[in-house]
Amino acid sequence: MRFTSLVIELIRARPRLIVWIAVLLQALMWLFVALVFYRSPPGNLATLLAFGREYQVGTDLGPPLPVWLADIAYRAAGGHMLGVYVLAQLCEIATFIALYHLSRAVVGSQQAVLAVLLTMTVLAFSSPTLDFGPLVLARPLWALLLLHSWQIIGQRRGNAWFAWSIEAGLLLLTTPAAIFLLLLIVVFAVSTAGGRRTLRGLDPLFALIVVAVLALPYAVWLVRAETLTMPALPQVAELNARALHAAWLFGGLVLGAAAIPALTFLNTGLFDGKGEEPPIIYRPTVEPLARNFVYFFALAPPLGAVLISGLLGLDSVVGGAGVVLVMPGLAVVVAAGDLIAMRRTRMLRMVWAAAIIAPAAGVVLAVLFLPWTGANEIATSMPARAISDFFDESFARRTNHRLRAVAGETQLASLIALHSGRPHLFIDAVPARTPWMDQAKFSETGGVVVWRASDTAGTPPPDILKRFPGIVPEVPRAFEWLVTGRQQLLRIGWAIVRPKGT
């Protein structure tokens, strides 16, 4: 009897089960890494949570929805980062499940599994997902928008308009790149006969009204904040540098998705074994409109995002790599044909598993071994809970008041703001960033000012001493890293601003 891999048989018989198993295992892997090796939030997540507790309609971090959801998840978990990490992984799960349903509508359930498995190897869907924010929340919303856009344009399902309008409105409340992404959908709809047919009726008008109602509060805030300014276009002399920058951004996207062409190459006929009859994954014939839909949204978002980012000189791709690289895996499957032969399945499984596990292994190795090299510090190795507890308790003992605000170095102040008491974050260097707190209010309520100590006396940096001229520095407090290695202890200088009337 001819032997067929169990995984191949499961893809044929239970494709949805394979997708759920793969997606959940990846989510559990990253939750394990976060809970075991992260003692403080990654990236700017602590600052995001400090802004989230204020429930502002808009901030310089962007639209409010990611900020609000992060705070809700943090509170729901009892003031533990687990809630935010779970929320981030739920976004990734929703992204892949939406992609599976879209792929199933285009290439059938069996090849849809291959599209999801290929997309999971993109580096953008690995460790950055723990740093919850606009780039993470936009992924499931964009995947759902693509799914319902195809249902409207390709399957002519009018009942999908309501879901489409809700998702479009939420995307506008998530990332500034939403306008660019929605314009791509409009361009495809207008440029195809099937798309133009869907625009004839009242459903698009009702959808536009729902989108406007959802986005109206943030739009009003943008107008009042006077932040709606046209970005400056580069001068002619700068075009060469901007073009080179765009090329670097595009190279980064290609490198991040390198596992997709690698797995595709390994599955070519060059690696056929002698006398081996590879198993076949079937699909129904893909209609031309579906093929154009997949190719357009696989190519237009990354190319358009790179072009915009290069012209404006942005440091990263507009919308984030996890948004613009949702469709290339499905595009490769569509281009592969109606019959996909799975050659050397054991080797393909090993390469795929390595692509999934390698980013997590890299994070773990960096946390454990990078401190022994004396290189840059690992931000996630800061003892966030110990830092916040110490300064909250110290302020309470000295003043007999609950800590209500914290200022100084933004990274350290944001960690202290994670305490169960949730003191306000005051970015004293740029007070406009925190409109809920100013210098006068901080002096009235009192608080703690923190900075990185450069000596044993805890002398404040000149800029902090200029903004808080009356502070008396305390003895610096030293904290141990998760892995100290050759690094010095984390020494934090601090001073107390006593509340007025004490």
Side-chain angles (χ1 to χ4, degrees), residues 23 26-27 30 42-45 48 61-63 66 88-89 91-96 98-99 102-103 115-146 171 174-185 242 244-264 294-332 352 355-360 362-363:
V23 171
Q26 186 187 41
W30 282 110
N44 296 321
L45 186 52
L48 186 81
L61 297 182
Q89 294 309 309
C91 288
E92 293 304 290
I93 293 172
T95 301
F96 292 123
L99 176 62
L102 172 60
S103 303
V116 173
L117 296 180
L118 284 176
T119 307
M120 289 177 64
T121 62
V122 178
L123 289 180
F125 295 104
S126 54
S127 59
T129 60
L130 294 174
D131 187 6
F132 180 80
L135 300 183
V136 174
L137 182 59
R139 296 171 189 175
L141 294 175
W142 175 237
L144 288 169
L145 261 177
L146 290 176
L171 189 64
T174 299
T175 173
I179 297 177
F180 160 67
L181 298 172
L182 293 176
L183 281 177
L184 290 179
I185 296 178
R242 296 292 177 89
L244 181 61
H245 179 61
W248 276 107
L249 292 176
F250 183 75
L253 291 181
V254 173
L255 184 62
I260 293 179
L263 288 168
T264 304
V294 172
Y295 289 160
F296 179 84
F297 288 104
L299 297 176
L303 294 178
V306 166
L307 178 62
I308 294 173
S309 301
L311 286 176
L312 301 182
L314 303 179
D315 295 333
S316 58
V317 175
V318 170
V323 171
V324 300
L325 294 179
V326 166
M327 294 291 281
L330 177 57
V332 170
W352 179 84
I356 297 296
I357 296 174
V363 170

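This structure is a prediction, so every number in the text was calculated from the model and none was measured.
Side-chain contact between L145 and L182 is present, with heavy atoms from C-beta onward closer than 4.5 Å. A heavy-atom distance below 4.5 Å is found between the side chains of P63 and P176.
Every residue two or more places apart in sequence or in another chain that forms a side chain to side chain contact (heavy atoms under 4.5 Å, CB included) with L307 is listed here: L311. Not counting sequence neighbours, the partners of A331 by the side chain to side chain contact (heavy atoms under 4.5 Å, CB included) test are V294, Y295, A298. In this view, A300 and L184, F296 satisfy the side chain to side chain contact (heavy atoms under 4.5 Å, CB included) rule, not counting sequence neighbours. For I308, the side chain to side chain contact (heavy atoms under 4.5 Å, CB included) partners are F180, L312, V318, not counting sequence neighbours.
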Side-chain donor/acceptor pairs under 3.5 Å, residues 320-327, sequence neighbours excluded:
none

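In this structure, the separation between CG on L117 and CZ on F96 is 9.5 Å, given to the nearest 0.5 Å. Annotation: the span from L141 atom CG to T175 atom OG1 amounts to 10.0 Å, rounded to 0.5 Å. From Q26, atom CD reaches atom CD1 of I93 across 9.0 Å, with rounding to the nearest 0.5 Å. Separating the CD1 atom in I185 from the CG atom in L146 is a distance of 6.0 Å, to the nearest 0.5 Å.
Heavy atoms only, all atoms of each residue included: I260 and L118 are closest at CG1-O, 3.5 Å.
Of the residues V317, L255, V306, the one that meets the side-chain contact (heavy atoms from CB on, under 4.5 Å) test with F250 is V306. Under the side-chain contact (heavy atoms from CB on, under 4.5 Å) test applied with F125, the options I356, V23, T119, V136 reduce to a single match, T119.
Under the side-chain hydrogen bond (donor to acceptor under 3.5 Å, both in side chains) criterion, the residue pairs touching residues 135-144 are E92-R139, with sequence neighbours excluded.
Of the possible polar contacts, none joining the T174 side chain to the P134 backbone as a donor-acceptor pair under 3.5 Å is found.
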